[in-house]
Amino acid sequence: MSTQHVQRMSRLMAKTLREDPADAETLSHRLLVRAGYVRRSSAGVWTWLPLGKRVLDNVSRVVREEMDAIGAQEVLLPALLPKEPYEVSGRWSEYGDLLFRLKDRKGADYLLGPTHEEIFTLVVKDQCTSYKDLPVMLYQIQTKYRDEARPRSGVLRGREFQMKDSYSFDVSDEGLEESYRLHREAYVRIFERLGLDHRIVSAVSGAMGGSASEEFLAPAEAGEDTFVDCPSCDYAANTEAVTFALAPATGSAEHPALEEVDTPDTPTIETLAAHLGVPASATLKNLLVKVDGEITAVGVPGDREVDLGKLGEHLAPVVVELVTAEDFEGRPDLVRGYVGPQGLEKVRYLADPRVAPGTSWVTGANRADTHARNVVCGRDFEVDQYLDVVVVEPGDPCPSCGAGLKLDRAIEIGHIFQLGRKYADAFGLDVLGREGKPVRVTMGSYGIGVSRAVAALAEQTADERGLCWPAAVAPADVHVVAAGKAVPLALAEEAATALAAAGLRVLLDDRPGLSPGVKLTDAELIGVPWILVAGRRSADGVVELQHRASGTREELPLAEALSRLA
C-alpha cells in the first residue's frame with residue numbers, strides 16, 4: 001500500500017458544534033452540520049466541507065466501480081441545458097415549477113438539468129448509427145437541480161444535489177431486460193458495499209414513462225417515502241404502486257331501490273354516518289379534483305382517504321389539483337358536501353377497486369342536506385376508470401398472498417426504469433438493423449441519489465454520540481486523538497505516521513488548547529470507524545483502541561494496536 005497523508009485537525013476546516021442547528025428536522029441534518037461535514041448556503045443548497053466531500057467522493061467511488069464493472073461508460077453532460085429538447089419531450093411544461101429556468105443575454109431559454117434523458121438520447125443519436133454500436137450504457141455523476149417548494153431535511157431534500165444517472169440503449173426489448181438486470185444487480189452490490197440497509201420495491205413510472213419500475217429504499221424514520229412490506233411473503237412496494245384486485249360483481253337485483261333521505265347538516269362522512277347510524281365504510285366519499293383543468297370525481301369508501309400523490313402518479317404526466325370554491329360557480333349539479341356519482345353531468349368518474357360493480361352505498365344526492373341510500377355501482381352509476389387511489393393502511397391485504405401488510409418509512413436512494421421507446425420516439429432515435437432497415441432503439445434509465453445516500457447512511461448508522469460511518473465511506477480509517485500534551489502528542493504523532501505508512505487514512509487530532517474530553521466527544525461525533533487515543537498511559541507506550549460502532553474499548557501497547565489496525 002502507498003503511504004497516505006495524515007490529515008491534522010489543527011489544519012482541517014471543520015468546526016464542530018455543541019448545539020443542534022435551529023432549523024434541523026432530521027438526525028442526518030443535525031449531525032452532518034454539527035460534525036462539520038456540511039454548511040447551509042441557502043434554502044436547499046449546501047456546501048460540502050472537507051470531511052463531507054470525502055464521504056461524498058467515497059460514495060461516488062463505489063458507484064463508479066460497480067458501474068464500470070457492468071460495462072457502463074462514464075461521460076459528463078452539461079448541467080445548463082437548452083429548452084428545445086425538453087419541449088420535444090413535453091417535460092418543459094410537465095415539470096412545471098420544479099424547473100430552474102433562465103435566459104441568456106440573447107433571450108434564449110435554458111434550464112438547469114433535473115435529469116438528462118433527452119440529452120443522453122441526442123448524444124447516442126449523434127454517435128450510434130448501426131446495431132453494431134449497441135448495446136451501450138452511459139452514466140454520469142453530476143449536480144442536478146430542482147426548485148423544491150419546501151427544501152428540508154438537510155441534504156435529503158435540496159434544490160441542488162449529487163446524482164448518478166445512467167441510461168441503456170438496446171435494439172430489442174430482450175436487450176433492455178438484460179441491461180435492466182445488470183443495473184439492478186449492480187445497485188444491490190453498491191448498497192451492500194456502502195453498508196446501506198435497503199429494500200427493493202415495486203414502483204410506478206409516473207412522468208418518466210416506461211414499463212418496469214423499481215425503487216431502492218433505505219428504511220429510516222426520516223424517510224419521506226412510505227412502503228409496504230408483507231411479513232408473510234416477499235411482496236414489497238411503494239404505497240403508490242400497491243394494486244388491489246377489482247372485487248367481483250355481486251349483482252344488483254337483491255338491492256332495494258335507490259332512496260333519498262333528508263340529512264341536514266351532514267356535509268362530512270363523520271356527521272353522515274352518525275346521523276344515519278351506519279359505519280363510515282358503508283358510505284361513498286366523492287372527492288372532486290381537476291385533471292388538466294377538467295373537473296373529475298374520485299370515489300372511495302368513506303372510511304378511506306384519497307392519496308393525491310398516488311392519484312397523480314397514476315394520471316401522470318397530467319396535472320392533478322383540488323377544486324376551489326370558484327369551480328362550483330355555474331355548476332348547480334355539483335353541491336359541495338353532497339356530491340354523488342348518480343346523475344353527475346360532464347364529470348369523469350374514477351373509483352377505487354373497492355367500489356366494485358354490485359356494491360351498494362350511501363352517498364350524496366347532489367342536493368343540499370340530502371343523501372341517497374342503496375346507490376348501487378353498475379345499476380345507478382358507472383365507473384369510467386378504476387385506480388388504486390386510497391391511502392394504504394396497515395393490515396390491508398397483501399396483493400400477493402392476502403396477509404396483512406406492514407407500513408414503514410424510507411429514503412429513496414435509487415430508482416430504475418425500463419423506459420422503452422418514449423424518448424427514442426420523441427427524438428427519432430433509430431439505428432440501421434441487421435436487415436438493413438431502421439430499428440427504433442429502446443432505453444432504460446437508472447438513478448442513484450449520491451448525496452441522499454450520504455444522508456441515508458447517517459440516518460441508519462448514527463447513535464446518541466454522533467455519526468458512525470461504515471468503513472467504505474468514512475472520511476478516514478482511524479481517528480488518532482492526542483489526549484494530552486508532550487508525551488501523548490508524541491505517541492499520537494508516532495501512531496499516525498505508522499498507520500499512514502501502512503496505507504490507512506488517518507485523521508489526527510493535534511489541536512492545541514483543547515481538553516481530552518472535547519477531543520473525544522468530537523471523535524465520536526465525527527464517526528470514523530476506529531478511534532486510537534494516546535492519553536494517560538502514553539509514557540508506557542499504551543494506547544486505547546475504540547471501535548466506534550460497537551463502542552468496545554481496549555488498552556493495548558502501541559505496536560499491537562497498530563498491528564490490529566494495519
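Here the structure is a predicted model, which means the values were calculated and not measured.
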Ignoring hydrogens and angles, state whether a donor on the side chain of [X] or [Y] is under 3.5 Å from an acceptor on the partner side chain.
X    : Y    : value
T143 : E160 : no
S166 : K164 : yes
D68  : Y139 : yes
Y446 : S168 : yes
S445 : D165 : no
D170 : T442 : no
T324 : D327 : yes

Any carboxylate oxygen within less than 4.0 angstrom of a Lys/Arg side-chain nitrogen, looking at [X] and [Y]?
X    : Y    : result
R199 : E215 : no
D97  : R146 : no
R189 : E66  : yes
E294 : R348 : no
E412 : R452 : no
R440 : D425 : yes
K310 : E313 : no
E177 : R181 : no

**Prompt:** Centroid-to-centroid, F381 to Y349, below 6.0 Å?
**Reply:**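 Close enough - the centres of the two rings lie under 6.0 Å apart.
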Determine yes or no for a side-chain-to-main-chain donor-acceptor pair under 3.5 angstrom, with [X] supplying the side chain and [Y] the backbone.
X    : Y    : answer
N58  : R54  : yes
E148 : R157 : no
E118 : Y86  : no
N286 : V339 : yes
D133 : T129 : yes

**Request:** Give the intermediate values and the outcome of side-chain contact (heavy atoms from CB on, under 4.5 Å) for residues L32 and L467.
**Result:** CA-CA 8 Å; L32 288 172; L467 297 164; 4.3 Å; yes
**Message:** Parallel, tilted or perpendicular, judged at 30° and 60°: which one describes the rings of H183 and Y187?
**Reply:**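 Ring orientation, 0 to 90° scale: perpendicular.
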**Asked** Is the H29 ring parallel, tilted or perpendicular to the W46 ring (thresholds 30°, 60°)?
**Response**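 Answer is perpendicular, since the angle exceeds 60°.
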Taking all non-hydrogen atoms of both residues, which atom of [X] and which atom of [Y] are closest, and how far apart?
X    : Y    : value
L27  : A458 : CD2-O, 4.3 Å
I269 : A280 : CG2-CB, 3.9 Å
V55  : P475 : CG2-CD, 3.7 Å

**Message:** Can you confirm if the NZ or CZ of R39 lies within 45° of the ring axis of W48 and under 6.0 Å from the centre of its six-membered ring?
**Reply:** no
**Prompt:** Under the salt bridge (charged side-chain N to carboxylate O under 4.0 Å, His left out) criterion, do E65 and R193 qualify, and how do the steps go?
**Reply:** CA-CA 11 Å; E65 289 172 357; R193 287 182 60 186; 2.5 Å; yes
**Message:** Applying side chain to side chain donor-acceptor pair (under 3.5 Å) to T115 and E117, what does each step give before you reach the verdict?
**Reply:** CA-CA 6 Å; T115 182; E117 281 77 7; 2.9 Å; yes
